[in-house]
Amino acid sequence: MNYELCAPPSLDGAGGRPTGERLITGSEALLRTLIAEGVECVFGYPGGQAIPIYDILYDYKDKLRHVLVRHEQGATHAAQGYARVSGKVGVALVTSGPGATNTVTGIADAMLDSTPMVVVTGQVPSPLLGTDAFQEVDVIGITLPITKWAYQVRHAGDVAWAVSRAFYIASTGRPGPVVIDIAKDAQLERIDYSYKPVNFIRSYQPWPDLNHERIEKAAELINNAERPFALVGQGVTLSGAEKELKCFLDKADVPAGSTMLGLSAMPSDYRLNKGMLGMHGNIGPNRKTNECDVLIAIGMRFDDRVTGNPNTYAKQAKIIHLDLDNSEFDKNVKVDVKVLGDAKASLREITKLLKPATHKEWIASFTPAEEEEYEKVIKKELCPGDAVLHMGEIVRKVSEATGNKAVLVTDVGQNQMMSVRYFKYSQTRSVITSGGLGTMGFGLPASIGAKMGAPDRTVCLFVGDGGLQMTMQELGTIMQEKLDIKIILLNNNYLGMVRQWQELFFHKRYSCTNMENPDFTAIAKAFKIGAREVWKREELDHAIQEMLDYKGSFLLVAHVEESGKVYPMVPAGGSITEMLY
């Protein structure tokens, strides 16, 4: 989503701007504007072309907390975790060249998962632009395809304008990342500072007006439905529509399934919550998608991991799609009614037109699938008959030990799928994971941001041995910031998800997936983090409690079965009703 935005009012420094109380540098203008936008902490890493900003930051350390990460990718993932758990805009601050390019993965991740984030990059002085100067790179050209907006500041007078606009774009409509690239001479130039918050941009309409004709059509389909089914996506959480969702589902008596990112929009024990959709989702929601007569998709984008083969997806149903982004309509799945607008407003208006209904038989029809999945999958995972630890039982025990109130952060792979399947949720904004991009290494830095965004909540990170080693240096950030994060390493000595695919679809040719791992507990202790290993089931409860009682961060290394697999599983490209058990 790149918007054609007008140029700033002037490009000659402070010309035509209201006069502030004193001349300040562009660097100070940046920090003042961040504070004015409500920023409390910044995740960053200093470098040559950002030194002027960091120099002024020395005077603002009581007003703006800077978290020194150990790698710029960590800064973006931490900003993502902060944004996802708090609902605020996450901020990363890095230098030019490799500092900027190291943020690309996090920016792309934030774009695909609609995470509000502003990344500020230093840049070489404007006279050197285009000369291949030391640590110069075309940040705007690189990031434009993976941002809502990317802009280069070459004059100090435009810093406040650009940054305030960046926050407005990042946080409104469908959220996403914005990049502001500031040339070094713009950081040093002195100007009359003036800040004016942005609340309007010509040609950018973040919240389109509702089409009441489409609202009425949607309500009519739902009122006449005999087997309605709702698909709940992260859009519900992003719009703060959890209450409106419950009112809608209760009034129309509609069972619902969730995408991975939408899981905590409904409490796990809510009577109409039927579980997770998709490749490793629950049998009932997947199967009933192809049996319902009206399918209501709310703030989700029909990702291929949810739909499987689109040619066999919900062909029997009339489909209603509620989304804030017009480009999502008919992109992956053709729909019958397109409701463009914020989920909160759309649900509220549709609910007004609904007739109270009951669908007891339809809701009861989910039960056989739930019982089948329990017997064929869940029972074996939570109550295994063998001696080795299973991922699912560890996840469920940790969740229950926290009263199902913790924030779940995951890395990517089997640890991710097992975690989101077996963790339980009682509060919104409780699932922090990399959805669209599937970024290994996301978990550890994201847990840092999550803890800083929700300091009063328990943060539990589930990670695999592969993903942990991708960003393991961020243990240093945890140490320096003295954070309290509970890290559960599900260690199977493999790149587990790749191994699973090799076993099921590539004739058990385990190419390059076995890992010889270090002593993780020794590494944790080197970073002044508590640690212990657990191998036996009879030690598990005590180990979990020791971790939760520990004052500070703790690494629990749980040695799990090497050949474990995540089931159910829809093979890539298959129908969502064709699940492997």
Side-chain angles (χ1 to χ4, degrees), residues 81 381-382 384 387-424 430 432-433 441-448 450-451 457-479 482-494 496 515 517-562 564:
E381 191 65 32
L382 298 185
V388 68
L389 290 172
H390 287 228
M391 293 187 185
E393 66 175 318
I394 298 168
V395 172
R396 180 60 60 83
K397 283 181 175 292
V398 171
S399 180
E400 291 175 346
T402 66
N404 299 325
K405 295 179 180 179
V407 175
L408 168 68
V409 184
T410 87
D411 206 79
V412 167
Q414 288 182 321
N415 67 88
Q416 177 187 40
M417 291 301 135
M418 285 295 194
S419 298
V420 296
R421 277 183 55 83
Y422 293 105
F423 213 77
K424 296 295 181 180
S430 292
I432 315 298
T433 191
F442 172 90
L444 186 59
S447 70
I448 293 171
K451 186 61 182 180
R457 297 187 66 184
T458 300
V459 173
C460 294
L461 164 65
F462 286 87
V463 62
D465 42 315
L468 179 62
Q469 292 180 82
M470 283 194 170
T471 52
M472 191 161 56
Q473 68 275 2
E474 299 306 333
L475 292 173
T477 306
I478 291 174
M479 174 180 66
K482 297 177 174 57
L483 300 176
D484 185 355
I485 300 169
K486 309 309 180 186
I487 306 167
I488 302 94
L489 170 56
L490 302 175
N491 186 8
N492 61 5
N493 299 302
Y494 270 94
M515 300 193 76
N517 287 318
D519 184 341
F520 290 110
T521 58
I523 291 172
K525 291 174 181 177
F527 284 101
K528 302 177 184 178
I529 292 171
R532 70 166 288 179
E533 295 180 273
V534 59
W535 299 78
K536 299 178 180 179
R537 184 163 292 113
E538 55 267 27
E539 300 172 350
L540 183 58
D541 289 340
H542 182 269
I544 291 172
Q545 198 58 50
E546 179 184 347
M547 173 185 70
L548 294 176
D549 290 342
Y550 189 84
K551 303 301 182 184
S553 289
F554 192 97
L555 173 66
L556 177 61
V557 181
H559 295 274
V560 299
E561 57 174 343
E562 291 189 349

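The first residue of the sequence shown is numbered 1, and numbering continues consecutively from there. All figures in this text were calculated on a predicted structure; none of them were measured in a lab.
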Taking C-beta and beyond as the side chain, do [X] and [Y] meet within less than 4.5 Å on heavy atoms?
| X | Y | result |
| --- | --- | --- |
| Glu539 | Glu533 | no |
| Leu556 | Arg532 | yes |
| Gln469 | Phe520 | yes |
| Ile544 | Leu540 | yes |
| Val459 | Ile432 | no |
| Cys460 | Ile488 | yes |
| His559 | Leu389 | no |
| Ser447 | Glu474 | no |

Please check if the side chain of [X] supplies one atom and the backbone of [Y] the other of a donor-acceptor pair under 3.5 Å.
| X | Y | answer |
| --- | --- | --- |
| Asp411 | Gly443 | yes |
| Lys486 | Phe462 | no |
| Asp465 | Asn493 | yes |
| Lys451 | Arg457 | yes |

**OP:** Over all heavy atoms of both residues, which pair between Glu381 and His390 is shortest? Give the atoms and the distance, please.
**Re:**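 So the minimum-distance heavy-atom pair works out to OE2-CB, 3.2 Å.
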**OP:** Considering non-hydrogen atoms only, spot the tightest contact between Ile529 and Leu555 and give its length.
**Re:** CG2-N, 4.0 Å
Subject >> Distance (rounded to the nearest 0.5 Å) between Ile485 CD1 and Thr477 OG1 >> reply: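 Interatomic distance, Ile485 CD1 to Thr477 OG1, rounded to 0.5 Å: 9.5 Å.
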Original post:
Is it true that Lys397 and Asp541 make a salt bridge, defined as a side-chain N closer than 4.0 Å to a carboxylate O?
Top reply: yes
Subject >> Asn492 vs Gln414, side chain to side chain donor-acceptor pair (under 3.5 Å): CA-CA, chis, key distance, verdict >> reply: CA-CA 10 Å; Asn492 61 5; Gln414 288 182 321; 3.3 Å; yes
Can you give each donor-acceptor pair under 3.5 Å made by side-chain atoms of residues 400-410, sequence neighbours left out, with the distance rounded to 0.1 Å?
| unit_1 | atom_1 | unit_2 | atom_2 | d |
| --- | --- | --- | --- | --- |
| Thr402 | OG1 | Ser399 | O | 2.8 |
| Asn404 | OD1 | Ser399 | OG | 2.6 |
| Thr410 | OG1 | Thr433 | OG1 | 2.6 |

